[in-house]
Structures are given as C-alpha cells and as structure tokens.
Amino acid sequence: QALSEFSEIPLWLVGACNPGDQLVNADPATAANAGAVRAIPATAGTYERVGFALEKGVDGQLVKAYPSPRSVTVSA
C-alpha cells in the first residue's frame, strides 16, 4: 500500500515525544540509532523531518506517526 499524508506508520523512537511533535532522523553517527527517529531538538540546525508523532512515546518504543518528510531549520 502506498504511503500518503494520511497513513499511520510505526517508527522506532530514541528519547521521548508528545503528540504533534516533529520527528526527525536520530543521530546517524550513532550506530544504535540507525533507522530511528527523535523529537526535533531545540539545537539550531537543519533536520530532515520524517513526520509527526500521533501519540506520546518513550525511548525504544515504536511510536505511531504520520509521514510528512521535509527539511526543517531550527534557529538559535
């Protein structure tokens, strides 16, 4: 089935998130984070958003999200 902006997808979470949080790729320099996402940090930079959390999540959980890929810039 093709993904759409209305699809729910499960994503491995690093850290914690709340419903509505933007989820971005976790630190790719850490092998344990490969393929995982995290809530967008407050640290200035450009991040690749994967989607938005649909539920509260904790570290290591498969969190429900809806896809919304886009580059997002956080300003200092």
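This is a predicted model, so every value here is computed, not measured.
Neither V50 nor V24 shares a network with the other; the hydrophobic side chains, linked directly or stepwise wherever heavy atoms of I, L, V, M, F, W or Y lie under 4.5 Å apart, form separate groups for each. Residue V72 is not grouped with residue F52 when hydrophobic side chains (ILVMFWY) are merged at heavy-atom distances under 4.5 angstrom, including chains of intermediate members. L62 and V37 sit in two unconnected hydrophobic clusters of ILVMFWY residues. Membership requires side-chain heavy atoms under 4.5 Å apart, directly or through other members.
Atom CG of D21 sits about 11.0 Å away from atom CG of L54, to the nearest 0.5 Å. Interatomic distance, CH2 of W12 versus CG of N33, reported as 13.0 Å (0.5 Å rounding). Of the inter-residue distances, the one linking C17 atom SG with R38 atom CZ reads 13.0 Å to the nearest 0.5 angstrom. In this structure, CG in L23 is found 14.0 Å from OH in Y47, a value given to the nearest 0.5 Å.
The side-chain heavy atoms of E55 and Q61, taken from C-beta on, include a pair separated by under 4.5 Å. Between V14 and D59 the shortest side-chain heavy-atom distance falls below 4.5 Å.
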**Report entry** Evaluation steps, side-chain contact (heavy atoms from CB on, under 4.5 Å), between L13 and V58
**Finding:** CA-CA 7 Å; L13 182 65; V58 296; 5.8 Å; no
Requested in this report: Check the pair S71, R49 against side-chain hydrogen bond (donor to acceptor under 3.5 Å, both in side chains), reporting the backbone distance first and the verdict last.
Outcome: CA-CA 6 Å; S71 289; R49 183 177 70 203; over 6 Å; no
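A distance-only check finds no donor-acceptor pair linking the side chain of E8 to the backbone of A65 [under 3.5 Å].
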